[in-house]
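Dropping a structure here in structure tokens format, bear with me for questions.
A, B, ... follow the sequence lines: proteins, then strands. Residue 1 opens every chain. All heavy atoms count here, side chains included; hydrogens, waters and symmetry mates do not.
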Amino acid sequence: GDFQPTTPRRQLDMRGTQLLRTSFEALPSQARLSTYATGVPKRTLMVNQDLANRLAEAYDWSYYKNGDILEMNPGFGLFTRAIWNVAKPRRHVLMEPHKKFIPIMEDFDAKTEGRIKYTSLEGYDWATYDKLIADGTITPENQSMERVNDSLLLFASMPNGATGEALAVQFLCTLPRRNWIQKYGRVRMLIWMKTKSADRLLVGPGGHTRARPTIIAQACADMRVIASPKDAHMGAFNYDEAAMKDVIETTPDDWRQRGDYTLVEFTPKEKPLFNSDFAEFDYVLRNLFILRATAMEKSLMMLGSGSDSLIKCMPSGLDLSKPVNAYTVEEFDQVTQAFSKWPFKPTELFEKGWTNDREKDPKGENGVVKNI
Amino acid sequence: MQRIAAARRRVLTTCSLSGKSVLLAGRLSVASSASVALRQTRLQSTTAASSFASSQQTIEIPKKTDDDFIIVRHKDMPGSSGRDNFTAKVRERSEAFSIYYACLATGNVERAKSILSRLHNVPPATAIKLHNQYLFTLVGECAKAQDLSLMTKWLDKMQKELDIVPNETTYAILCKGALGLTDKDMREMMLKNFAEMFLKNGGVLGDMIGQAGVYSVDDIKALIDMFGLSVANIKQGSRQVIADALAAAERQVSEDDVQNIAEVAPTKVSGPGMHLLKQSLAALIDPNYSASENEARIPFSMLESYERQKILEESALDAAVARWKHDHETTVNRGKLNPLKKSLNALLWEWHQALVPLIEDEVRRCKEAQKNTTAASGADVDRLAYGPCLLLLSPEQLSTITILELLRLQGTGGVAEGMRVARAVLSLGKQVESEAQADMLKEQADNGILVGDMKTIFSNEKAFALAKAKAKARAKGDMATPDTEWRPDWPHTLRARVGSVLISLLMHVAKVPNEADDSVTGEKLVEVTPAFYHAYQYSNGKKLGVIKMHPALMRHLGTDPMRGNVHPRLLPMVVPPRPWLSWNNGGYLRAKTRVMRTRDAPEQLLYLKKASDRGDLDLVFAGLDVLGRTAWAINRRVLDVAVTVWNTGEAIASIPATDTNFEYPSEPPPDCDPAIRAMYVRKCKEVAHANQNKHSLRCDVNYKLEIARAFVNEKMYFPHNIDFRGRAYPIPPHFNHLGNDLCRGLLVFHEGKELGEEGLRWLKIHMANVRGFDKASFSERAAYTMENLEHIFDSADKPLGGKRWWLEAEDPWQCLATCFELADALRSPNPEKYISRMPVHQDGTCNGLQHYAALGGDIVGAKQVNLEPSDSPQDVYTGVANLVAAEVERDAAAGNSNAQELVGKITRKVVKQTVMTNVYGVTWIGARDQIEGQLRDVGIPDDRAFVLAAYVTKIVFSAMKSMFSGAHMIQDWLSDAAKIIAKAHPIDADDDTNMTAVIWTTPLNLPVVQPYRKISRKQIKTNLQTVFISNPDAMNEVDVRKQRTAFPPNFIHSLDATHMLMSALATSEAGITFAAVHDSYWTHASDVDKMNVMLRDAFVRLHQDDIMGNLKREFEERYKGYKTQMSALADSAEGKAVLAQRASKSRTKSTEADVADVADVADVADVADVADVAEAASPTSAVEAMFAEEAAPKKNKSVKWWGDLVFRPLPAKGEWDVQNLKQSQYFFS
DNA sequence: TGCATCGTTAGAGATATAAGTAGTAGACATGCC
DNA sequence: TGGGTGTCTAATGACAATATCTCTAACGATGGA
């Protein structure tokens, strides 16, 4: 009720200040957030409060009324505000390692009676989660695999570029392994990522952007697009229509780094769609997708020496003349199972050999001693 | 310039104080001035036919006056205009040349003709070569048809349609054609006819007859008769060759004048005869050979040895196959046998048997594809592109090369059990190319064609210099590379095509038996599975095409004898290498070897060729010849021990154990924390890596022992070449004295010398050195050895059965060798009379810093690296460590907590690596990593090591700076200069890319060109996969950063290389045996004292000159007229001057510009006054403060302009006098 | 026969691939924005 | 034009990413004039 935004100074340019329903410190306009300073991390960083508000209203938070919301990289905190205003979650933890945002974070911490908690720990770091659990900042419960875990929800904005990509895949890999936060059961994840990345996870059999992460994601989670640029996914091949209902529209201007971003909801499946050992499944995918547009027949050669005998092991139902990227999750599973039984399969499934390593020369010729 | 000239002369004259080198130098200068004269007369006589000048590019050569260096202007660089259009068309065109030659060589004249007709815009110098080769090919055909019309018609076409002017070689070839006519009248008529045409064009008959690479001795005789000439009429460059050849043809060669023999009549060897020679090579080429214990070493004459080397090089591929066959037969004869136990060679034989027909098939299809050019399926189009190259060699040759090469490449490129496809494909293609080239040279020799390029000059040591000077004089003529011998290098794309075809064929047929358990039934399965397979690896997310070897095959490679599996071009020679006559002429007998290892940099090659042509490299060549003439032998007793160890499979002194691999860690549960899983994967990779290293080490030892075994009774020689900075390396890669401790332990000088009193002392010191006891004074070292005599005898008597004292040494195998030697010497009745063959090393103590200190005249530094006489050796590492330790203690006393943790922990070892790499320009961060590792070893906890390392590193750097202040300033100056140069643009450059490389000339006149440029690569489709390769001919933008950071170390290395070669030349004059590993010089124990004097003398001579001054003057001269972007603050004196100048210039030009410029200046002036008026607002909340404007810091405006290159003045040189070093006994020790 | 249009194809250029980022700090290039 | 941002960090011997998609230019065929 007694919210009083500070008087805007000339150089603060608060003309477009977005009105808020709660008394957090005022933020400058969208335009200003997009440009105001340097040293802001490159990541999925929202600057449009309105988008945040629309999302907060559209999403059903009630499932988590007794749970924790764990937000990674809140940045300007637009979402945090929006969710607060809409749902006032029981507990909302902000992992924001970047110093730039400290004032905003501390503002949240100060004005929500401890329901929004700020930590400078890095969401990227696995150890962070152990720490948060150990000190009781979040209290996830072990829950049955029959239902979606309601004690924890992860809400993450990914770093841009390679790091973000990698992180998303790593998160996905925790689903079949059931480690990290997934050891508590089916913990749902809402992840903001580049639309292209999301697209790659959603594309169906035959789509040429299919890749290893596609198969893992589709095998382990039900995906739903919550927000995305208009028409962004129209070009994608063989799309799952169900994933695309009631999509909230985003525009490039909503972001600090202009571009297309998509919010995807990952709801872990009760059981992955494959029965193979994940290490083998992963190996098979990784190697088959090297020749992703090539017929499976040929691509099987990537799995090891003497793959003629492997082809003989393949179940008769499989159409080996189809290209790799036309295979479904279930078909990959069949291939993996055959691979698993193949007597001449490689003994180690990880890449050997250096390429980037120091001290690669074992001979120590020439008397030059490196790294004594 | 004057001073440089003087400097060069001094080096030259002092190098040739007495004896042979005077002769050599004298001869050389005579020869070169003669050839200059020759060139001039020729130019006069050929003004009518302008294209007779044979230079390929139009490069302005500065007038040669002995003291200027080579400068090639930007616009004259090949490829400087059309760089980086590595498009399909360009690729096709560059391949076309090679295909053309291949077609001619394989009798596909029609296709060659059509290629030739489709090539446009060929530079005239190249065009005439192409056409000459075409005519040359027609000679045979015309002889068969007894009709020259094909040739004459073509000549007509050349002249009338294509506007190509025939040269001497053209007419020589025409006459050769005419000589093939049997009808006497016809023949003479045609000859007269051609001769007339030639004369009309201003030619001189003698020159034509002297044309290299065309005629045989009989041809020449016939021509001389025909034209009524005498040998004296033949042009100077060739006269000697021809005279010798004619003389040689007349009579049986006798041993006495071997030194004068050109390669003419290979069959006329007197003495033991060919079969004996072959037999004597049994250890190397006979499959049935098994080493008998004490085989008598037959003394061979030089000529016989030469024949042996030739046999070795020519028959080795066959020999490999013979050995495979032999091993296969023995396994078969041994009756039924487990296929899993087949020996490697037996497998190779099977592959070879299967591969040859496949290649034959492919060759047939290539031929068909050429016939019906219309039915162009994709594969057939490809076949057109590589087919002719496959035809150059027999299917057997191709198969053998393919198999050998794939085996050799195992483990390269960081691939665990295999190799990179790109490497394999290119490397194999290159092998095929050089084999084809060797074949061509052999064929020419077999046909008795005289090649100007002397194949060899073999002689006794005394006559060597004379013979070489003579040969050199010949090479100086135009006989360097005759047109008929010139071949363009195959483009990488072509190599890749050829390589990929062969590899994919091999992959089809090469099988290996393999065993596995059926995971379901548990029964043993045996399958015959491909030995190689094509796969991909990910490295850093990039796909990497690899050829993997099956584990079953890998097991063989680590254990089976490699007999017959080393390509002879990779072996030591059994005669002294051919002396270096020019940049590509020397070394092995049959293979074209280059004197410099270049990095696909056309610029390097260009400078090298020019220098070689001008005779600038004579001293470098002479130095390399000295290294090549050092004869080596295998240390039999060390070999015996090594072989025993190898066979027992024990892990001893750098020989890893058989079949004991490191264990993989156990896998954590699937639901473990991702961090733990990541750790596990990393550990697995480390283990895999370690195992791979072990295996490759084992394969390497296998190769080495195999070669050593084969050469047990041989006298060996290592041909040497240089890297681009002039450092010398032996060419045989697997086994040489630069190799690891094992290699060095296995090698002794072939010649023995009586120890003498001093020699015995040096042998003892050497003992201490290889033990690692090398920080003490000489007398202490000798005493150390005497104290350990008991151990030494024990090691010598019972190397493996005794106490194994030698294994504790720093260099165990060399220690063992020394134990043997010392024990023998001391036990002999008179140790001083003992004949020793052991090389004794004298190592520069931190050689890089020695050169730096000498350049900088650092007194403190000079002491530290033993440039200054001292009673005991100084150790820089200890010196720096002490300095750092003192500083740390000071800080600790002052209360610095970091320092307090480190008190007493700063040892020599902590700083050693950093001090060593300082010369290479290690950065602060790199050094910190090194020191961090060391601190951990010293017991600093992991979590502190990082912080403390940062602290220590700072101190180490400042200590180095103070200790070697002069050196440091020079380092800075060098890197600064490099940056300026790399960013400099020639005045005529058309765009603003940095194209200028740092180039300098060493005191031995070697031009050094730094090759670092940005590489542009393209994907090239091959049979296996696409391959990512660069166009080696492209001149790309320089990599400024690399040019800069690499220049200081490269410059210093070019100096130490010079020092080494100067020392080599000096020792050679004195008749001392010499070998070197960069900054470690070796000789007989008895000669160490003499060598020590010479190498010091050489160092003094080198550094007496104003090296840095010369460099600066060279740069100023070389880069005269280049512009670089300069900048200065606008309000600095310099900036103001520029602005003023600009203003005045434009004022004279136009008033408008004037206004603008004045405004500009005004602007600049204003800036200084613009104070930041915006007052800082004080925000009321932290969030609000976030978005407050940061006040822009006041900036100084700067001015930029393009100006002449200005090199900073050289840092002042310190007081230290280089002459002092002559008295320093530990300078090299 | 000359030529406009459409379809095809070769080739050049772009992009994804994998996937822990620790911890520092200083220099230097970037045809940036 | 300059500041912010991204890259790299020990010399040489000893060089190596690739499959696939997208877009464009060139080429060829065809057909109507």
Side-chain angles (χ1 to χ4, degrees), chain A residues 38-39 42 122 124-126 159 162-163 165-170 173 196 200 208-209 211-213 286 289-294 325 351 355 361 365-366 368 370, chain B residues 87-89 412-413 420-423 425-427 492 496 536-545 597 599-600 674-675 678-679 681-682 723-725 727 729 733 738 848 913-914 916-930 932 943 945-947 949-950 979 983 991-993 1015 1017-1019 1025-1030 1032 1040-1042 1044-1053 1078 1192-1193 1195 1197-1198 1200:
Chain A
T38 60
K42 303 224 155 157
E122 167 75 87
Y124 187 89
D125 188 359
W126 302 120
T163 336
E165 295 267 301
L167 190 54
V169 177
Q170 310 246 16
C173 285
K196 213 176 239 170
R200 192 184 52 159
H208 73 266
T209 52
R212 184 180 69 107
R286 181 187 312 260
F289 270 104
I290 291 170
L291 299 172
R292 65 180 193 274
T294 311
N325 58 16
E351 303 270 349
T355 24
D361 185 359
E365 263 169 55
N366 178 356
V368 177
K370 297 191 177 183
Chain B
T87 59
K89 273 195 187 132
T412 57
R420 298 183 175 202
V421 170
R423 173 90 194 272
V425 156
L426 287 171
S427 195
H492 284 187
Y536 297 83
Q537 275 184 1
Y538 282 111
S539 76
N540 282 337
K542 309 272 179 72
K543 290 177 194 134
L544 185 70
R597 305 165 181 224
R599 289 232 231 145
D600 274 351
M679 179 92 77
V681 171
R682 209 177 57 226
D723 67 16
F724 72 89
R725 304 157 311 166
R727 276 192 159 194
Y729 301 81
L738 254 76
Q913 197 186 3
T914 305
M916 205 154 55
T917 52
N918 185 61
V919 185
Y920 306 139
V922 72
T923 56
W924 185 80
I925 193 146
R928 192 204 51 202
D929 286 350
Q930 297 165 359
E932 185 190 357
D943 55 330
F946 185 77
V947 184
K979 189 173 91 174
K983 299 184 84 167
D991 55 16
D992 61 350
T993 47
I1015 29 168
R1017 285 190 288 241
K1018 286 251 163 76
Q1019 283 181 259
Q1025 59 169 63
T1026 72
V1027 148
F1028 201 47
I1029 48 184
S1030 64
V1040 177
R1041 187 195 181 91
K1042 199 77 175 56
R1044 194 180 66 89
T1045 57
F1047 177 49
N1050 282 341
F1051 180 68
I1052 294 299
H1053 284 328
H1078 306 319
K1195 271 155 283 174
K1197 195 146 187 170
S1198 65
K1200 285 191 178 165

Query raised in the report: Between B/R928 and B/T914, is a side chain to side chain contact (heavy atoms under 4.5 Å, CB included) present by the stated rule, with each step listed?
Result: CA-CA 9 Å; B/R928 192 204 51 202; B/T914 305; over 6 Å; no
Query raised in the report: Considering only the P atoms, how many Å lie between C/dC28 and D/dA11, rounded to the nearest integer?
Result: 16 Å
Report task. Give B/L426 one of three labels, base, sugar-phosphate or nothing, depending on what nucleic acid heavy atoms sit under 4.0 Å from its own. Result -> base
**Report entry** Residues forming a salt bridge (Lys or Arg N to Asp or Glu O under 4.0 Å) with B/D723, sequence neighbours excluded
**Finding:** B/R725
Report summary line: Checking D/dA16, D/dA10, D/dA19 against the side chain of B/Q1025 (C-beta onward), the nearest is D/dA19
Report task. Quick one: look up who C/dG31 pairs with, Watson-Crick or G-U, both distances under 3.5 Å, and put none if it's unpaired. Result -> none
Query - Under 4.0 Å protein heavy-atom contact, by nucleotide of nucleotides 18-24 of chain C - B base, S sugar-phosphate only - result: BBBB-BB
Report task. For the pair A/T163 (side chain) and A/P159 (backbone), establish whether a donor and an acceptor sit closer than 3.5 Å, ignoring hydrogens and angles. Result -> no
Query raised in the report: Does B/T923 put a side-chain nitrogen or oxygen below 4.0 Å from OP1 or OP2 of C/dG26?
Result: no
Query raised in the report: Which is true for B/D723 with a 4.0 Å heavy-atom rule: it touches a base, it touches only sugar-phosphate, or it touches nothing?
Result: sugar-phosphate
Report task. Please determine, for the side chain of B/R1041, which listed nucleotide (D/dT12, D/dC8, D/dA16) has the closest atom? Result -> D/dC8
Report task. Measure the CG-NE2 distance between A/N325 and A/H208 for me, rounded to the nearest 0.5 Å. Result -> 9.0 Å
Query raised in the report: With both distances under 3.5 Å as the test, what is the Watson-Crick or G-U wobble partner of C/dT24?
Result: none
Query - Divergence of helical axes at both termini of the helix from C/dC3-D/dG31 to C/dT17-D/dA17 - five pairs an end, 10° steps - result: 0°
Query raised in the report: Paired with D/dA10 by Watson-Crick or G-U wobble geometry, both distances under 3.5 Å: which nucleotide is it?
Result: none
Query raised in the report: Given D/dA16, is OP1 or OP2 found less than 4.0 Å from the side-chain N or O atoms of B/K1018?
Result: no
Report task. Please indicate yes or no: is the ring centre of B/Y920 less than 5.5 Å from the centre of the six-membered base ring of D/dA11, with the two planes inclined by under 30 degrees? Result -> yes
**Report entry** Euclidean distance for P, D/dT7 against C/dC32 (whole angstrom)
**Finding:** 15 Å
Requested in this report: Enter the distance from B/K543:NZ to B/Q1025:CD here, rounded to the nearest 0.5 Å.
Outcome: 10.5 Å
Query raised in the report: Taking atom C1' in both D/dG6 and C/dT21, what distance in whole Å separates the two?
Result: 16 Å
Query raised in the report: Within the pair B/R725 and D/dA11, is there a side-chain N or O less than 4.0 Å away from OP1 or OP2?
Result: no
Requested in this report: Can you tell me, in whole Å, how much space there is between the C1' of D/dA16 and that of C/dA22?
Outcome: 31 Å
Query - Geometric class of the B/Y729/B/H1078 ring pair [parallel <30°, tilted 30-60°, perpendicular >60°] - result: perpendicular
Query - Selected nucleotide, minimal atom distance to A/K42 side chain, candidates D/dT9, D/dT5, D/dA16 - result: D/dT5
Query raised in the report: Of the nucleotides D/dG13, D/dC15, C/dA16, which has the atom closest to the B/K543 side chain?
Result: C/dA16
Between the protein and nucleotides 20-23 of chain D, list the N/O to N/O atom pairs that are separated by less than 3.5 angstrom.
from: D/dT20; atom 1: OP1; to: A/A293; atom 2: N; distance (Å): 3.1
from: D/dT20; atom 1: OP1; to: A/T294; atom 2: N; distance (Å): 3.4
from: D/dT20; atom 1: OP1; to: A/T294; atom 2: OG1; distance (Å): 2.7

Query raised in the report: Using the P atom in both, what is the distance from D/dG13 to C/dG23, to the nearest Å?
Result: 36 Å
Query raised in the report: Is the phosphate of D/dC15, meaning OP1 or OP2, less than 4.0 Å from a side-chain N or O of B/R599?
Result: yes
Requested in this report: Spell out, as yes or no, whether a donor-acceptor pair under 3.5 Å connects the side chain of B/N1050 to the backbone of B/A1046.
Outcome: yes
Query raised in the report: OP1, OP2 of D/dT18 versus side-chain N and O of B/Y536: anything below 4.0 Å?
Result: no
Report task. Give B/V1027 one of three labels, base, sugar-phosphate or nothing, depending on what nucleic acid heavy atoms sit under 4.0 Å from its own. Result -> sugar-phosphate
Query raised in the report: Sequence neighbours excluded, which residues qualify as ring-ring contact (aromatic ring centres under 6.0 Å, His included) partners of B/F1028?
Result: none
Report task. Could you measure between the two P atoms, the one in D/dT12 and the one in C/dT17, and give it in whole Å? Result -> 34 Å
Report task. Please identify each residue that fulfils ring-ring contact (aromatic ring centres under 6.0 Å, His included) with B/F946, with sequence neighbours left out. Result -> none
